[in-house]
Amino acid sequence: MPKRSREQAAETREALLRAARKSFATQGFAGTSVASVAAGAGTTKGALFHYFSSKEVLFLEVWTALQLEMDAAARTAAIAARSKDDPYAAFLAGCRVYLQWATRPDYQTIVLIDGPSVLGMARWHELDFKLGMNNMTQGATWLARQGLLPEERIRPAAVLLQAALNGAGFALSSGYKDVTSDDLFSTFEQILRGLRYSA
């Protein structure tokens, strides 16, 4: 394939992903048609199906891209927040970013509301677990190295902390009126700091 053709193909694919993301975020999965995505990208349904075998496959790619963007933002915040005075600072900064993203309409609609129904809850959890567990485990491992968590509790702590964040995200996407991301973050911080280990 000539270089320009490869570039055009990549541009068409990216245009489809942008159009799909906008439509999934504003219209939801059910309200998004393949035809509208193709039109939004300035191409045809045939072109869309050349790159994505179904609307569900297209949705999964958009879902994954949003998750990876959130993960990158959380990692950047964690690195920037590293502190010699507070070993929890980096971990908490990354977690705060997740809660902020969980209030974004596009993230709520695509990842937290439509994600479980389109992908199935088991598949959603499997994919989310793979994306998030590494960060949780790294954070818990760091705390263990500082003597704040027993080594044998690294994995259980990572699992429970990720579950707590996911639960908070679902609560925010459900429109709970009596809880905010700040409320959830401060409570999560208490839980995290409460894991401190005393020999």
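Counting from 1, the numbers follow the sequence of the chain as shown.
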Check whether [X] and [Y] end up in the same hydrophobic cluster, where Ile, Leu, Val, Met, Phe, Trp and Tyr are linked by side-chain heavy atoms less than 4.5 Å apart.
| X | Y | result |
| --- | --- | --- |
| Leu131 | Leu160 | no |
| Ile79 | Leu92 | no |
| Ile113 | Met70 | no |

Taking the side chain as everything from C-beta on, heavy atoms only, tell me whether [X] gets closer than 4.5 Å to [Y].
| X | Y | answer |
| --- | --- | --- |
| Asp182 | Arg96 | yes |
| Leu148 | Tyr88 | yes |
| Leu127 | Trp63 | yes |
| Phe52 | Val34 | no |
| Leu143 | Leu195 | no |
| Gln67 | Trp101 | no |

Rounded to the nearest 0.5 Å, what separation is found between the [atom1] atom of [X] and the [atom2] atom of [Y]?
| X | Y | atom1 | atom2 | result |
| --- | --- | --- | --- | --- |
| Leu16 | Thr44 | CG | OG1 | 8.5 Å |
| Leu165 | Ile191 | CG | CD1 | 9.0 Å |
| Tyr51 | Leu58 | OH | CG | 13.0 Å |

How far apart are the closest heavy atoms of Lys55 and Ala30, and which atoms are they?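 Minimum heavy-atom contact is NZ-O, 4.2 Å.
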[X] side chain to [Y] main-chain N or O, any donor-acceptor pair under 3.5 Å?
| X | Y | result |
| --- | --- | --- |
| Ser186 | Asp183 | yes |
| Thr187 | Leu184 | no |
| Thr109 | Pro105 | yes |
| Thr32 | Ser23 | yes |

Taking only residues at least two apart or on different chains, which pairs with a member in residues 137-147 satisfy side-chain hydrogen bond (donor to acceptor under 3.5 Å, both in side chains)? Thr137-Arg155
Which residues satisfy the ring pair (Phe, Tyr, Trp, His ring centres under 6.0 Å) test with Phe170, sequence neighbours excluded?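 For Phe170 the ring pair (Phe, Tyr, Trp, His ring centres under 6.0 Å) partners, ignoring immediate neighbours, are Trp124.
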Does atom NZ of Lys22 have more than 12 heavy-atom neighbours, drawn from other residues, nucleotides or ligands, at distances under 6.0 Å?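 At most 12 heavy atoms, drawn from other residues, nucleotides or ligands, come within 6.0 Å of this atom.
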Which residue pairs pass the salt bridge (charged side-chain N to carboxylate O under 4.0 Å, His left out) test when at least one of the two sits in residues 80-90, sequence neighbours left out?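 Residue pairs passing salt bridge (charged side-chain N to carboxylate O under 4.0 Å, His left out), neighbours aside: Asp86-Arg193.
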Would Glu69 and Arg104 pass as an ion pair if we require N to O under 4.0 Å? no
Aromatic rings Phe188 and Phe91: how do their planes relate, parallel, tilted or perpendicular, breaks at 30° and 60°?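 Taking Phe91 first and then Phe188, their aromatic rings sit tilted (interplane angle of 30° to 60°).
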